[in-house]
> 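Below is a structure I'd like to ask you about.
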Amino acid sequence: MNMMPFADLARVDAHDKVRGAVAFAADDARPNLAYGAFAVATIGKGRLASLDVAAAEAADGVRLVLTHANIGAVASAGFIMGGGYGFQSHQPLISPEIAYRGEPIALVVADSLEAATHAAALVRATYETAPFAVELDAPGVEVVDQAETPLAHFIPPVAAGDADAAYARAPVQIDARFASAPQHQNPIELIACVAEWQAGRLVIHEGTQNAEAVRHGLAAALGLDAGLIDVVSPFVGGGFGQKNSLQGHTVLAAEAARRLARPVKIVVPRAQLYHLASFRPANRHHVRLGADRSGRMLAAIHEAQAQTSRHDLFPGEYATTSARLYGIADFRGKDELLRTDAQTPGYMRAPFEHIACFAFESCVDELAYALGIDPVALRLANDTTVDAVTGRPLSSRHVGQCLERGAAMFGWERRSMAPGSMRAEDGGLIGWGVAIGTYAGLRAPAIAKLKLTDDGRVEIRVGVHEMGQGVRTALAAVLARKLGIAPEHIVAIIGDTRAAPQHLTAGSWGTATAIPVVEAAADALLARLAELAPGGVSNREPAQILRAAGLPELAVEVQGKAPGQPDAIYDRLKAGLPSIGGPVYPEFVTYSYIAHFVEVRVEATTRRVRVPRVVSVADCGRVVSPRTAASQVRGGVVWGIGAALREASEVDPRYGGFLNADLAEYALPVNADIGAIEVAFVDEPDTRFNSAGVKGLGEVSMAGVAAAIANAIHHATGKRLRELPIRIEDVL
Amino acid sequence: MQPFDYVRATSVADAVRAFGAAGPDTRLLAGGTTLYDLMKLGVETPAHVIDVNGLRELETIDTSQPDELVFGALARMSDVAADPVIAGEYPALAESLWRAASQQLRNMASVGGNLLQRTRCAYFRGGEPFACNKRAPGSGCAAQEGIDRGHALFGGSEACIAVYPGDWAVALAAFEAQVDVEGPHGPRSLAIEALHVEPGRTPDVETTLAPGEIIVRIRVPKTPLGRASTYHKIRDRESYAFALVSVAAALRMEGDMVAEARLALGGVATRPWRVRAAEAVLRGQPFTPALARRAGEAALSGARPGRMNAFKVELGIRAVADALSIARQRG
Ligand SMILES: Cc1cc2nc3c(=O)[nH]c(=O)nc-3n(C[C@H](O)[C@H](O)[C@H](O)COP(=O)(O)OP(=O)(O)OC[C@H]3O[C@@H](n4cnc5c(N)ncnc54)[C@H](O)[C@@H]3O)c2cc1C
Ligand code: SF4
């Protein structure tokens with residue numbers, strides 16, 4: 001293995017993106033497009049009593065109105081965490097049942113978007129209403145213990161040692177409760193697809209993180225042979241987990257396109273996106289942390305409750321995460337799922353880790369204050385090399401280095417411990433907070449097809465999606481270095497089911513999934529080239545060797561999977577099913593880590609909280625694309641600032657659904673909210689985990705940011721704030 | 001959005017005539033940043049749209065008159081905010097504009113259309129299934145037992161507690177601006193404070209403009225209060241957000257003594273909310289932080305908070321005090 005760090009390669013698609021040359025599905029404007037728009041349910045739950053689409057059908061330009069009455073044999077493609085392909089098992093329009101407010105009741109397809117939107121507003125419905133519950137404490141919410149569900153097979157409850165007894169004995173005890181509002185992803189590219197039938201084949205253009213699930217899910221929903229479906233997703237304009245599986249609109253677009261024999265485009269408007277796609281569920285936590293007087297953490301109990309839907313069990317993995325922050329021998333976790341009348345929530349960036357780290361790392365800060373120990377020193381003292389939950393070694397863990405480097409970069413030694421002890425010149429309060437974050441080291445199977453042609457072009461086809469994280473740049477970086485060619489000569493065909501099986505790209509496993517396999521493919525290609533060049537390959541470009549050998553092209557195919565996965569995993573991959581390995585592998589356990597240092601300024605009077613600077617140091621194994629990796633971390637920090645101080649999807653229990661469903665009212669952070677974000681990497685390859693030494697980065701970037709902010713606010717004000725988002729009324 | 005017909009007016013007189021001929025289902029189009037938004041939401045469903053863009057006579061920004069600043073109704077928010085005289089001599093006016101919306105919106109939006117923006121109450125904007133007397137008179141008010149964090153402390157009624165969301169009108173109220181209108185019955189002029197009305201029992205009625213009346217210009221009396229002024233806006237993020245609480249504050253100092261003060265509140269009332277009682281607390285007193293706080297208390301006294309917006313009382317008091325000290329530093 002080449003042990004040199006990777007060079008700082010500019011994002012390969014940067015120019016195209018800036019010039020608007022990149023083709024996003026939401027921007028598709030092919031000839032003869034028909035446009036779809038939804039009419040949605042206005043009740044919290046119940047059933048359609050009548051649905052009058054006559055006016056919509058009669059409106060100018062309308063070609064088709066699909067409802068449960070005429071949908072025909074369309075079925076649910078199932079829930080991705082229940083053996084299916086969809087973000088939820090509830091497929092709108094296939095029955096008169098209304099599961100939640102905002103669910104589509106009719107799809108209107110017309111010659112223009114304006115005509116479709118107008119006609120959708122003419123759809124009239126009457127309902128039989130049923131009682132519903134949308135808040136965690138509402139009557140009618142059903143509480144499910146995850147341990148008693150099939151989810152426990154792959155998310156076993158954390159049970160290391162005897163946490164209750166050890167906690168009871170602990171001389172120092174921290175006991176606190178935390179909560180977070182539901183939140184929505186709000187990608188800039190809205191949920192969108194174009195469905196087109198071409199000579200008996202269905203082609204879907206959609207910004208998705210999971211082209212293979214869209215393909216197989218459509219096959220299941222429409223009763224088609226998956227071999228007749230292609231899904232193309234070369235770029236995703238922001239996924240963040242919201243585009244990680246089949247969504248109901250795609251099924252309906254495909255059906256409408258079939259009936260009209262015309263391409264159909266649906267772009268779900270922002271307000272409807274709050275109900276047609278997944279979101280971060282409301283959740284709350286009870287954490288107990290016991291330690292001795294020297295600061296050694298002895299025991300912890302993390303009990304979590306999170307919202308799910310009536311029709312699916314979206315899992316909770318909160319304690320699974322917090323148990324990995326330190327080497328705490330006695331740890332017990334419990335995850336309960338609360339069934340509410342909403343769409344099924346899903347994997348929004350750092351879905352469990354953000355909030356688990358918020359809760360646990362806030363408690364660690366409380367412990368530091370209870371003992372009068374510096375928060376960085378306390379964390380360093382509880383570092384580990386063994387996974388306490390399983391007893392297996394960690395394949396790599398450099399969180400101590402993250403803390404030490406971060407502290408130095410931040411100037412942590414100038415911090416005075418007492419809350420309220422640091423003041424700005426304008427009289428404002430300064431708070432400095434720290435927290436660490438962790439995220440599982442996961443890997444999925446992948447097949448890479450690498451082709452060299454005699455004009456010097458290198459084409460890589462592999463299962464991975466570009467959603468802005470920079471995987472095209474990472475692919476170019478590793479291939480350019482391996483093959484000794486310029487990145488411009490590399491073409492990546494990804495997110496395309498015609499190119500290679502496309503496993504879901506999420507959970508920060510994209511790099512660890514694709515890069516080792518692509519590197520192996522490059523090695524295989526080099527080996528073939530060596531056979532072709534008996535005189536040696538040194539100082540010759542691959543294409544030169546090819547030409548000298550008189551060959552027009554050379555192709556290799558390599559596959560790879562996570563340690564311990566059976567060969568049958570490739571069948572799951574090809575079937576579009578989640579095939580994720582880790583973080584517990586036969587010989588070791590893998591996690592990524594990060595340390596965040598945050599400065600907040602709390603205005604003296606009106607108490608606006610500002611975050612002028614953040615320092616983040618990540619341990620994500622080998623950094624193959626420094627430029628886009630640093631961007632990932634900055635993005636994660638921005639998300640953390642949003643989650644900690646801004647974002648909440650508002651719920652009115654009388655109506656169901658979400659209230660503040662637009663970008664003006666859902667307070668995402670804006671540029672003016674973001675100060676300096678300094679990023680560094682440990683950049684130590686984890687070659688036990690995979691041959692490329694890479695671990696995940698996108699998700700861990702966000703984990704711990706909210707805790708560091710809350711800890712900084714405590715340092716500034718003396719207030720412990722345990723509910724997110726923290727807003728002005730909480731600090732006034 | 002329902003189909004509508006569209007004409008471009010060639011003059012103010014032409015627009016008045018076209019409006020009269022087309023009837024009450026008509027809306028003027030200026031920047032469109034409110035109108036199109038509300039049309040897409042189904043709040044506005046005009047049958048006729050009269051585009052007044054391009055009427056040069058409405059685009060004036062004239063700061064050269066001896067005793068008033070004159071803004072044509074179509075002057076863009078961004079242009080007025082960037083005018084050197086406004087930015088330098090009337091910072092509260094400039095800040096009320098550039099602290100609103102986003103640069104893209106301000107480039108489109110007119111200072112006349114701005115006055116007529118409508119509440120951000122989510123129940124109003126959402127339409128069905130929400131009860132909303134403003135959108136569907138008689139249907140009730142979902143906000144009063146609902147999410148009322150952004151709702152009014154002042155000027156609400158049993159029928160409606162929606163906040164008037166604009167910033168510019170609040171600053172104009174502090175400076176006692178006049179609004180000139182043309183209509184089927186000729187021109188008239190009204191004080192900015194007489195433009196917006198409290199909801200009372202008819203929250204769907206928001207202004208005193210008669211059907212067919214067009215705002216042609218806004219006039220602000222020149223005043224020494226301009227210099228020592230600020231528009232202090234507290235919001236949930238640093239930009240691109242409506243006010244939680246905002247304060248237009250202006251002072252005329254004589255030495256350390258407050259000779260004259262103007263205060264108006266935004267984000268907390270059903271219309272731009274001038275607080276004369278708070279101004280009186282300041283007048284003739286030596287300026288101190290304690291006095292500024294007392295003015296804030298006077299400004300927020302009588303607030304009627306709901307379930308989630310009580311914090312705005314204390315926030316408002318502090319915002320008034322801060323606004324006054326910013327204004328004080330400028331004068
Ligand atoms: C996302 C977003 C954020 C915003 N944030 C803020 C903010 O923070 N603070 C703030 O103050 N504002 C904010 N706004 C509101 C914005 O300032 C107004 O939409 C804008 O000023 C309206 O001006 P316009 O020219 O676009 O009006 P238009 O949309 O063209 O018209 C608005 C209304 O006025 C009528 N009208 C227009 N011109 C005249 C006239 N001359 N005479 C009579 N009637 C007329 C129209 O018929 C219409 O009913 C925001 C808007 C958006 C969309
Ligand atoms: S506050 Fe006014 S606008 Fe909002 S719901 Fe009530 S009546 Fe409607």
Side-chain angles (χ1 to χ4, degrees), chain A residues 40-44 59-60 101-102 113-115 117-119 121-122 124-125 127 129 269 271 603-608 610-611 641-642 645-648 650-675 725 727-732, chain B residues 1-4 37 39-42 45 99 101-102 105 120-123 125-131 142-143 145-150 165 232-242 244-245 247 289 292-293 296 308-323 325-326:
Chain A
V40 300
T42 54
I43 57 160
D60 272 357
R101 183 171 77 78
L113 176 61
E114 291 76 9
T117 308
H118 171 59
L122 301 176
R124 291 285 167 268
Y127 304 93
T129 57
E603 214 183 21
T605 49
T606 50
R607 297 267 165 164
R608 286 177 286 188
R610 297 183 168 111
V611 185
I641 292 171
L645 299 175
R646 298 278 181 270
E647 297 172 49
E650 292 170 353
V651 175
D652 184 327
R654 299 166 303 169
Y655 293 98
F658 297 96
L659 198 60
N660 54 337
D662 73 49
L663 284 183
E665 251 51 57
Y666 180 93
L668 287 167
V670 293
N671 263 331
D673 291 320
I674 306 302
R727 294 200 286 205
I728 201 163
E729 51 266 49
D730 303 314
V731 274
L732 212 53
Chain B
M1 178 158 37
Q2 97 175 15
F4 55 90
D37 181 32
M39 285 168 74
K40 288 198 225 168
L41 294 173
T45 53
R99 292 192 165 138
S102 66
L105 286 160
R120 300 299 301 187
C121 173
Y123 302 101
R125 289 172 61 81
E128 224 189 323
F130 306 126
E145 293 292 313
I147 297 181
D148 62 357
R149 182 171 180 267
H232 191 53
K233 183 172 175 183
I234 310 294
R235 40 190 162 167
D236 274 327
R237 57 187 166 197
E238 293 290 308
S239 158
Y240 191 55
F242 290 91
L244 287 169
V245 177
V247 184
R293 163 110 200 160
M308 301 173 181
N309 58 0
F311 74 96
K312 287 187 179 184
V313 176
E314 179 60 26
L315 184 65
I317 292 169
R318 296 187 196 180
V320 168
D322 280 2
S325 44
I326 295 168

> Is there a donor-acceptor contact under 3.5 Å from the side chain of A:Arg101 to the main chain of B:Pro129?
no
> From A:Thr606 OG1 over to B:Asp322 CG, what is the distance, rounded to the nearest 0.5 angstrom?
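One gets 5.0 Å once the value is rounded to the nearest 0.5 Å.
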> Let me know if B:Ala241 has heavy atoms under 4.5 Å from chain A in its side chain, its backbone, both or neither.
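For B:Ala241, there is no contact with chain A at all, as no heavy atom is under 4.5 Å.
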> Could you state the interatomic distance from CG (B:Asp236) to CZ (A:Arg727), rounded to the nearest 0.5 Å?
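Spacing of CG (B:Asp236) from CZ (A:Arg727) equals 5.5 Å.
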> Shortest non-hydrogen contact from A:Ala664 to B:Arg237?
O-NH2, 3.4 Å
> Heavy-atom pairs under 4.5 Å with chain B: which of A:Glu650, A:Arg654, A:Glu665 has the most?
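Option with the greatest count: A:Arg654.
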> Rounded to the nearest 0.5 Å, what separation is found between the CZ atom of B:Arg125 and the CG atom of A:Leu659?
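Going from CZ on B:Arg125 over to CG on A:Leu659, the span is 11.0 Å.
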> Just so I understand: if I count every heavy-atom pair under 4.5 Å between each of B:Phe130, B:Tyr240, B:Phe242 and chain A, which residue has the most?
B:Phe130
> Is there a salt bridge (charged side-chain N to carboxylate O under 4.0 Å, His left out) between B:Arg149 and A:Glu729 once you walk through the steps?
CA-CA 10 Å; B:Arg149 182 171 180 267; A:Glu729 51 266 49; 2.5 Å; yes
> To the nearest 0.5 Å, how far apart are CD in B:Glu314 and CG in A:Leu732?
6.0 Å
> Below 30° counts as parallel, above 60° as perpendicular, anything between as tilted: where do the rings of A:Tyr655 and B:Tyr123 land?
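A:Tyr655 vs B:Tyr123 ring planes: tilted.
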> As an exercise: rank A:Asn671, A:Asp673, A:Leu668 by heavy-atom pairs under 4.5 Å with chain B and give me the winner.
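Answer, by heavy-atom pair count under 4.5 Å with chain B: A:Asp673.
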> Below 4.5 Å from any heavy atom of chain B, which atoms of A:Asp60 appear? Answer side chain, backbone, both or neither.
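Looking at A:Asp60, nothing touches chain B.
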> Any idea which of B:Ala101, B:Gly146, B:Ala142, B:Ala319 has the most non-hydrogen atom pairs under 4.5 angstrom with chain A?
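Sorted descending by pairs with chain A, the first entry is B:Ala142.
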> For B:Leu41, which atoms come within 4.5 Å of any heavy atom of chain A: side chain, backbone, both, or neither?
neither
> Using a 4.5 angstrom heavy-atom cutoff, name the option from A:Asn660, A:Val651, A:Val670 with the most pairs to chain B.
A:Val670
> Measuring from atom CZ of A:Arg646 to atom CD of B:Glu238, what distance do you get when rounded to the nearest 0.5 angstrom?
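Answer for the CZ-CD pair, A:Arg646 versus B:Glu238, is 6.5 Å.
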> Report yes if some heavy atom in the side chain of B:Arg293 is under 4.5 Å from a heavy atom in the side chain of A:Thr605; otherwise report no.
no
> Find the distance between NZ (B:Lys40) and CD (A:Glu114) and round it off to the nearest 0.5 Å.
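So the NZ of B:Lys40 and the CD of A:Glu114 are separated by 9.5 Å.
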> Name the member of B:Gly316, B:Ser102, B:Ser239, B:Ala321 that forms the most heavy-atom pairs with chain A at distances under 4.5 Å.
B:Ser239
